[in-house]
2 protein chains.
Amino acid sequence: MEGRISADLLRGHTDTIVLGILLKNDAYGYQIYKSIMDRTDGLYQLKEATLYSSYKRLEKEACIVAYWGDESQGGRRKYYRITDKGRVQYKQNIADWEFTQRILNRLLKEEDD
Amino acid sequence: MEGRISADLLRGHTDTIVLGILLKNDAYGYQIYKSIMDRTDGLYQLKEATLYSSYKRLEKEACIVAYWGDESQGGRRKYYRITDKGRVQYKQNIADWEFTQRILNRLLKEEDD
DNA sequence: ATAAAATACTATGACAGACAAAGTAATTAT
DNA sequence: ATAATTACTTTGTCTGTCATAGTATTTTAT
């Protein structure tokens, strides 16, 4: 195990991960990026560009809203806040994911043909 | 839950699913397709074309080899057999997958920031 | 016997999410 | 003063999946 996670194994989860982080607190883009890096010990090396396209997608779907932070103390920071729709979407994604895991386990671990 | 699995949540797993099926017995393309449909009660509606591109990929990587079945009883059937390399790859994929699940659970279910 | 459906395989083009690479600009550390 | 880090963004490429379509044989229904 070389400590890298293939993008394809997590494809489709990026939005859910972002929503999950925003459930707790608003956060700005780079903060979310760093948070994921930290919490996975750098094993999931997703790229900033991937996150930014996720933000754009989630905004378009009205799952998050963006606002500029107070620029007086430090550089510009674009914060994101989860919306009610985003909360619903998050729950749905988690449910879909758990369902998918069951199906996948059925495919990968069953004995009979 | 409307009974459909989004392609993106299983993207990257197709090859592993195919290898997993071939672990037990050789099988021909359409048989593998039907097997997946049956074993998931049609909930995972992956397309034949997706499987055929998986076969092509796996052949190219020497994880499977193809041979034509006995055409005397019925139409042409292209069988696939898993290779030693394919078996190794399968185990690696499963390990990667379990590892990825841990990381994903860490991202989606942890409390602290 | 004939038509319809299922079996079985294949090719082509489009789509979308992730990535690579690069860039801008401010702040902080050396 | 310089380098490193923070912070955000854009453009083009890659790849797995899907939509669509097609060919041909075999089985089932009428």
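Every chain is numbered from 1 and lettered A, B, ... according to where its sequence line falls, protein lines coming before strand lines.
Side-chain atoms of B:Lys56 lie closest to C:dA11 of the nucleotides C:dA11, D:dT10, D:dT17. Nearest nucleotide to the side chain of A:Lys47, out of C:dA20, D:dC8, D:dT6: C:dA20.
Contact annotation: the side chain of A:Arg57 approaches that of A:Asp15 to within less than 4.5 Å [non-hydrogen atoms, C-beta and beyond]. Contact check for B:Leu107 versus A:Tyr44: side-chain heavy atoms found under the 4.5 Å cut-off.
B:Arg11 places its CZ atom 9 Å from the P atom of D:dC18, with the value rounded to the nearest Å. Separating the OH atom of B:Tyr33 from the P atom of C:dA8 is a distance of 13 Å, rounded to the nearest angstrom. At whole-Å resolution of the value, CZ in A:Arg76 and C1' in D:dT6 are 11 Å apart. A:Ile32 places its CD1 atom 12 Å from the P atom of D:dT9, with the value rounded to the nearest Å. Taking atom NE2 of B:His13 as the reference point, atom C1' of D:dT17 lies 14 Å away to the nearest angstrom. Rounded to an integer number of Å, the gap from A:Leu9 CG to C:dC19 C1' is 15 Å.
Every side chain to side chain contact (heavy atoms under 4.5 Å, CB included) that A:Tyr30 has, sequence neighbours left out, goes to A:Tyr28, A:Tyr33, A:Lys34, A:Glu48. Residues meeting the side chain to side chain contact (heavy atoms under 4.5 Å, CB included) test with B:Lys47, sequence neighbours left out: B:Gln45, B:Thr50. Considering only residues two or more places apart in sequence or on other chains, A:Thr83 meets the side chain to side chain contact (heavy atoms under 4.5 Å, CB included) condition with A:Val65, A:Lys85. Scored by the ring pair (Phe, Tyr, Trp, His ring centres under 6.0 Å) test, A:Tyr55 finds A:Tyr52, A:Tyr80 as partners (sequence neighbours excluded).
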> Going through the checks in order, is the salt bridge (charged side-chain N to carboxylate O under 4.0 Å, His left out) test met by B:Asp26 and B:Arg77?
Replying inline: CA-CA 12 Å; B:Asp26 292 7; B:Arg77 288 173 170 176; over 6 Å; no
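Distances shown here put a side-chain N or O of A:Lys78 below 4.0 Å from the OP1 or OP2 atom of D:dT9. The phosphate of C:dC9 (OP1 or OP2) has no side-chain N or O of B:Tyr30 nearer than 4.0 angstrom.
Across all strands shown, A:Tyr28 has heavy atoms under 4.0 Å from sugar-phosphate atoms exclusively, and none from any base.
Near DNA chain D, meaning a heavy atom under 4.0 Å away, the residues from residues 48-55 of chain B are B:Ala49, B:Thr50, B:Ser53. Within residues 57-68 of chain A, the residues that have a heavy atom under 4.0 Å from DNA chain D are, in order of number, A:Trp68.
Side chains of B:Gln101 and B:Asn105: a donor-acceptor N/O pair is absent below 3.5 angstrom, by distance only.
When the shell of 6.0 Å around CG of B:Asp84 is examined, it contains 12 or fewer heavy atoms from other residues, nucleotides or ligands.
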